[in-house]
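What follows is a single structure, written as structure tokens, with notes after it.
Hydrogens, waters and symmetry mates are skipped; everything else that's a heavy atom, side chains included, is used. Whatever order the structure lists ligands and atoms in, that order sets their numbers, starting from 1. These numbers were taken from a predicted model, which means no experiment stands behind them.
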Amino acid sequence: MPFKTTLYPSYDAMSESCAAVMLETVRKKKDAVLVLATGGSPLSAYRLFVKRVQEEKPDLSEVTFVKLDEWRFLPPENEATCEYFLQKEILQPLNILPERYISFDGEAADGKAECLRIEHALQALPQIDLCVLGIGKNGHVGLNEPDEALDFGAHTVTLQEKTKTHDMLRHAGVQSVTEGITLGLGNLMQAKTLLVLGTGADKKDAYAYMESGKISCAAPVSLLSLHQNVFFYKNTESYSV
Ligand code: PGA
């Protein structure tokens, strides 16, 4: 089995486990670096993590949070953005200082320059300790969309149809987004630990691919199985095996 898969009886149980891994990461290393996805899959885990941090008060003053990706050309106050999500769910509740947060500016006119800025910011950090990732309905991870060849590092991307109607956009009534900006598979592979959360019955094609033992740019998330320390947490609530 290429991915170390753990099947949870519910979304809540999966979220508890993910929050525990996040907490352990920041407890163990005071300058830990965490790359965070946004969306429905990690939402409850982040809320549990925030609750535990507020109760236990580990020192997070040297922990760095990195935003995995962003929609292009939406202002950060738009509630569809990854920025809005992370500010609301993690950064503001935990009073994370701006200098401890690395984040794509989705509105940057020069996408290439923005990717270079993020690459430089990552290079200045210690190795990424943990990436919390979701899975797209089309098998994407971050906004690494299926393609013949994939970008190694941070890059801008044209979104595919399924991604243009992502729940974050749909719920906010946003129909105008056609591009994204994201860390690349190469960035993610450099992390010590990858945690891939699987929730949503509509992702069963991607799950099947991940569990088939095959790797392909047609399902970018499958490439993560090449990592030595990748964990796939999925729940039965919205996915029946
Ligand atoms: P979701 O999104 O967690 O909201 O399902 C995951 C993704 O599209 O990458």
field: Sidechain N-carboxylate O distance under 4.0 Å for E56, R27
entry: yes
message: Using a 4.0 Å cut-off on heavy atoms, what residues surround ligand 1? Order them by chain and number.
response: G39, G40, S41, I135, G136, H140, H166, K203
field: Aromatic ring proximity, centroids under 6.0 angstrom, Y233 and Y8
entry: yes
Using distance only, find each side-chain donor-acceptor pair of residues 138-151 under 3.5 Å and give its atom names and separation, not counting sequence neighbours.
from, atom 1, to, atom 2, distance (Å)
N138, OD1, H140, N, 3.1
N138, OD1, H140, ND1, 3.3
N138, ND2, E145, OE1, 2.9
N138, ND2, Q160, OE1, 3.3
N138, ND2, T163, OG1, 3.4
H140, ND1, E145, OE1, 2.8
H140, ND1, T163, OG1, 3.4
N144, ND2, V141, O, 2.9
N144, ND2, L183, O, 2.9
E145, OE1, T163, OG1, 3.1
E145, OE2, Q160, N, 2.8
E145, OE2, T163, OG1, 2.8

task: Considering only NZ, NE, NH1 and NH2 on the basic side and carboxylate oxygens on the acidic side, decide whether D205 and K203 come within less than 4.0 Å.
output: no
task: Tell me whether L185 is reachable from V35 by hopping between hydrophobic residues (I, L, V, M, F, W, Y) whose side-chain heavy atoms are closer than 4.5 Å.
output: yes
- prompt: Thinking salt bridges, do R100 and E62 make one under a 4.0 Å N-O criterion?
  reply: no
